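Okay, structure first, notes after.
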Protein chains: 4
Amino acid sequence: MSVNKVILVGNVGIDPEVRYLEGGTAVATVRLATSETYKNKNGERITQTEWHNIVLWRGLAEITEKYVKKGMQLYIEGRLRTRSWDDKEGNKRYTTEIVADSMKMLSRKDDNSSQQEEKKQQDIAPELDDADDLPF
Amino acid sequence: MSVNKVILVGNVGIDPEVRYLEGGTAVATVRLATSETYKNKNGERITQTEWHNIVLWRGLAEITEKYVKKGMQLYIEGRLRTRSWDDKEGNKRYTTEIVADSMKMLSRKDDNSSQQEEKKQQDIAPELDDADDLPF
Amino acid sequence: MSVNKVILVGNVGIDPEVRYLEGGTAVATVRLATSETYKNKNGERITQTEWHNIVLWRGLAEITEKYVKKGMQLYIEGRLRTRSWDDKEGNKRYTTEIVADSMKMLSRKDDNSSQQEEKKQQDIAPELDDADDLPF
Amino acid sequence: MSVNKVILVGNVGIDPEVRYLEGGTAVATVRLATSETYKNKNGERITQTEWHNIVLWRGLAEITEKYVKKGMQLYIEGRLRTRSWDDKEGNKRYTTEIVADSMKMLSRKDDNSSQQEEKKQQDIAPELDDADDLPF
DNA sequence: TTTT
DNA sequence: TTTT
């Protein structure tokens with residue numbers, strides 16, 4: 001038995017990237033910042049920002065494509081996954097990502113169509129879970 | 001405002017490494033496995049194991065040094081932190097770790113001194129939180 | 001947007017109760033204890049136990065009926081729900097429960113058939129989520 | 001070993017109540033709403049609101065007294081506690097509350113002094129944890 | 001009513 | 001490199 005759970009509330013750093021696999025499956029990646037403020041030994045206020053790579057599949061990716069923009073505040077629930085790849089020198093490299101199981105928009109960047117999109121967002125809210133049975 | 005929270009329950013892969021910084025601060029690293037089982041399209045049961053790098057500071061590191069062993073089941077609560085370093089070819093590399101804020105032992109590998117250590121573990125249980133104010 | 005999430009690891013106080021609604025839907029209730037130990041001002045070790053009412057629906061209820069026993073350690077992920085009812089004097093009363101979305105068995109009470117049940121438990125493990133779309 | 005953790009993001013229903021115990025310890029109570037939307041069998045969109053009783057001690061209570069207002073969105077991390085009391089008919093009653101370990105303000109109700117208070121809030125942000133060692 |  |  002094990003538990004692998006991540007809960008994040010943070011802000012989107014750049015507009016998400018969304019691509020579609022051969023079979024039509026959507027995959028989105030989101031850069032999400034969380035920051036933490038503390039005082040160091042000299043009493044100075046230090047803000048430390050952490051950047052997270054979020055991966056969203058299928059329905060969550062499609063929602064992301066339509067509604068998630070740079071600057072928005074998101075709630076993400078997911079799990080850690082480290083995958084390996086080979087760089088150009090042939091070295092094994094590792095990247096740790098958060099695979100989202102649930103995503104909620106806490107704010108929206110207002111744009112021209114905001115009133116209308118607000119409604120859309122509410123319409124789709126109940127579908128914001130990744131209930132597919134594939135584990136990635 | 002942001003939230004950066006990780007909750008893990010998993011098994012320790014190898015005995016932890018603990019070192020002491022110049023000032024005497026203890027730092028422990030633990031390799032923790034979580035695994036997830038699912039059926040693929042052919043109905044075969046697939047187990048996918050995820051390895052996490054846990055970093056524990058100060059009191060948590062000292063507890064780790066004394067009691068955490070390969071094979072034990074741990075509950076970890078912490079936060080994600082990605083740090084960068086330069087490899088031998090001078091390339092920037094990134095490693096994502098979970099900095100523990102709380103650690104609980106869900107099982108112990110039984111050894112000769114188990115009865116005695118059981119008691120020790122209980123004695124220290126209330127101190128198993130990293131309440132220091134440094135954010136790393 | 002809101003989040004209502006509970007994460008518990010605790011021990012089952014009595015064998016669960018399971019009943020079936022008219023339509024055949026299974027509902028299980030589990031009493032789960034969590035305890036917390038601290039030192040009071042006199043340095044005495046105090047253990048405080050908290051009892052939680054867990055409600056599990058459908059597949060989770062059926063798993064509970066088959067495998068969950070008094071004394072077992074469970075991981076529960078769910079959400080808070082307070083429901084009201086009228087007592088015999090006609091006063092409104094409130095009961096707060098945790099509606100489970102996920103349940104994992106961290107230990108089993110060993111019994112005669114343990115080897116065999118062990119296997120069963122593994123067979124059903126992947127189905128331990130409440131993926132139905134009803135919100136209760 | 002056990003875990004008793006609650007994570008909430010919701011809105012404050014009425015201005016918090018804050019009182020001071022004989023020894024000067026501050027205690028605040030906050031009514032927090034979370035809501036969940038789903039479609040019933042007829043395809044109608046149903047919103048179900050859940051009200052939570054949050055209890056905050058010491059520093060968190062003082063922050064609450066100064067800054068938390070009706071309508072604000074809060075992030076609360078805490079633990080469940082059910083306490084019993086006797087009603088006027090002498091019956092034992094139970095109330096389940098969430099004792100906060102951490103509180104973060106996700107929004108503020110704008111008032112006249114908002115600019116100035118914004119700064120205050122940031123100044124106190126690092127102290128928003130209940131690090132005292134009393135377990136309630 | 002559980003467990004360590 | 002762990003565990004079930």
Side-chain angles (χ1 to χ4, degrees), chain A residues 1-4 80 82 84 94, chain B residues 8-17 29-38 45-54 64 67-76 104-110 114-126 128, chain C residues 8-17 29-38 45-54 64 67-76 104-110 114-126 128, chain D residues 1-4 80 82 84 94:
Chain A
M1 204 298 301
S2 61
V3 175
N4 174 359
L80 287 166
T82 299
S84 66
Y94 298 91
Chain B
L8 300 175
V9 176
N11 297 287
V12 177
I14 53 169
D15 284 347
E17 286 178 25
T29 53
V30 170
R31 288 282 287 172
L32 195 78
T34 58
S35 44
E36 153 170 44
T37 306
Y38 65 98
R45 178 167 307 288
I46 308 294
T47 294
Q48 200 167 322
T49 295
E50 197 62 44
W51 286 99
H52 310 274
N53 294 309
I54 316 293
T64 298
Y67 302 109
V68 176
K69 303 287 178 228
K70 173 179 169 176
M72 280 179 59
Q73 187 181 35
L74 298 185
Y75 170 87
I76 296 284
K104 296 179 180 184
M105 293 171 249
L106 301 183
S107 77
R108 298 193 320 97
K109 275 301 169 200
D110 288 326
S114 70
Q115 201 82 15
Q116 210 171 353
E117 292 220 1
E118 181 81 38
K119 188 169 172 320
K120 271 191 215 149
Q121 182 185 351
Q122 286 171 9
D123 287 351
I124 55 178
L128 287 180
Chain C
L8 301 174
V9 176
N11 296 286
V12 177
I14 54 169
D15 283 348
E17 285 178 26
T29 54
V30 170
R31 289 283 286 170
L32 196 77
T34 57
S35 44
E36 152 169 48
T37 306
Y38 65 97
R45 177 168 306 288
I46 307 293
T47 295
Q48 200 167 322
T49 295
E50 197 62 44
W51 286 98
H52 310 272
N53 294 310
I54 316 293
T64 299
Y67 301 109
V68 175
K69 303 287 177 225
K70 172 178 170 178
M72 279 178 59
Q73 187 181 35
L74 298 186
Y75 170 87
I76 295 284
K104 296 179 180 183
M105 294 171 247
L106 302 183
S107 78
R108 296 192 321 96
K109 276 300 168 199
D110 288 326
S114 68
Q115 202 83 14
Q116 209 172 354
E117 293 221 0
E118 182 81 38
K119 187 164 174 323
K120 271 191 215 150
Q121 182 183 351
Q122 288 170 7
D123 287 351
I124 56 179
L128 286 180
Chain D
M1 203 298 300
S2 60
V3 174
N4 174 357
L80 288 165
T82 299
S84 66
Y94 298 91

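Letters A, B, ... mirror the listed sequences (proteins, then strands); counts begin at 1. Since the model is a prediction, treat every value here as computed from it, not as a measurement.
- The side-chain heavy atoms of B:Leu32 and B:Val12, taken from C-beta on, include a pair separated by under 4.5 Å.
- Looking at the side chain of B:Ser35, the nearest of the listed nucleotides F:dT3, E:dT2, F:dT2 is F:dT3.
- Atom-to-atom, OH of C:Tyr38 to P of E:dT4 comes out at 21 Å; the value is rounded to the nearest Å.
- The only option from D:Val3, D:Asn4, D:Leu80 that meets the side chain to side chain contact (heavy atoms under 4.5 Å, CB included) definition with C:Thr34 turns out to be D:Asn4.
- For the pair C:Gln73 CD and F:dT4 P, the interatomic distance rounds to 13 Å; values are reported in whole Å.
- In this structure, B:Ile46 atom CD1 and F:dT3 atom P are separated by 21 Å, rounded to whole Å.
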Intermediate values then yes/no, side chain to side chain contact (heavy atoms under 4.5 Å, CB included), B:Tyr38 and B:Gln48: CA-CA 8 Å; B:Tyr38 65 98; B:Gln48 200 167 322; 3.5 Å; yes
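- To the nearest angstrom, C1' of E:dT2 lies 10 Å from CG of C:Leu74.
- As rounded to whole Å, 8 Å separates atom C1' of E:dT2 from atom NZ of C:Lys70.
- As rounded to whole Å, 15 Å separates atom P of F:dT4 from atom CE of C:Met105.
- Counting non-hydrogen atoms under 4.0 angstrom, A:Ser2 reaches nothing in the nucleic acid.
- Contact annotation: the side chain of C:Met105 approaches that of C:Leu74 to within less than 4.5 Å [non-hydrogen atoms, C-beta and beyond].
- What separates OH of B:Tyr75 from C1' of F:dT2 is a distance of 20 Å, to the nearest Å.
- Going from atom CG of C:Leu32 over to atom P of E:dT2 covers 13 Å, rounded to whole Å.
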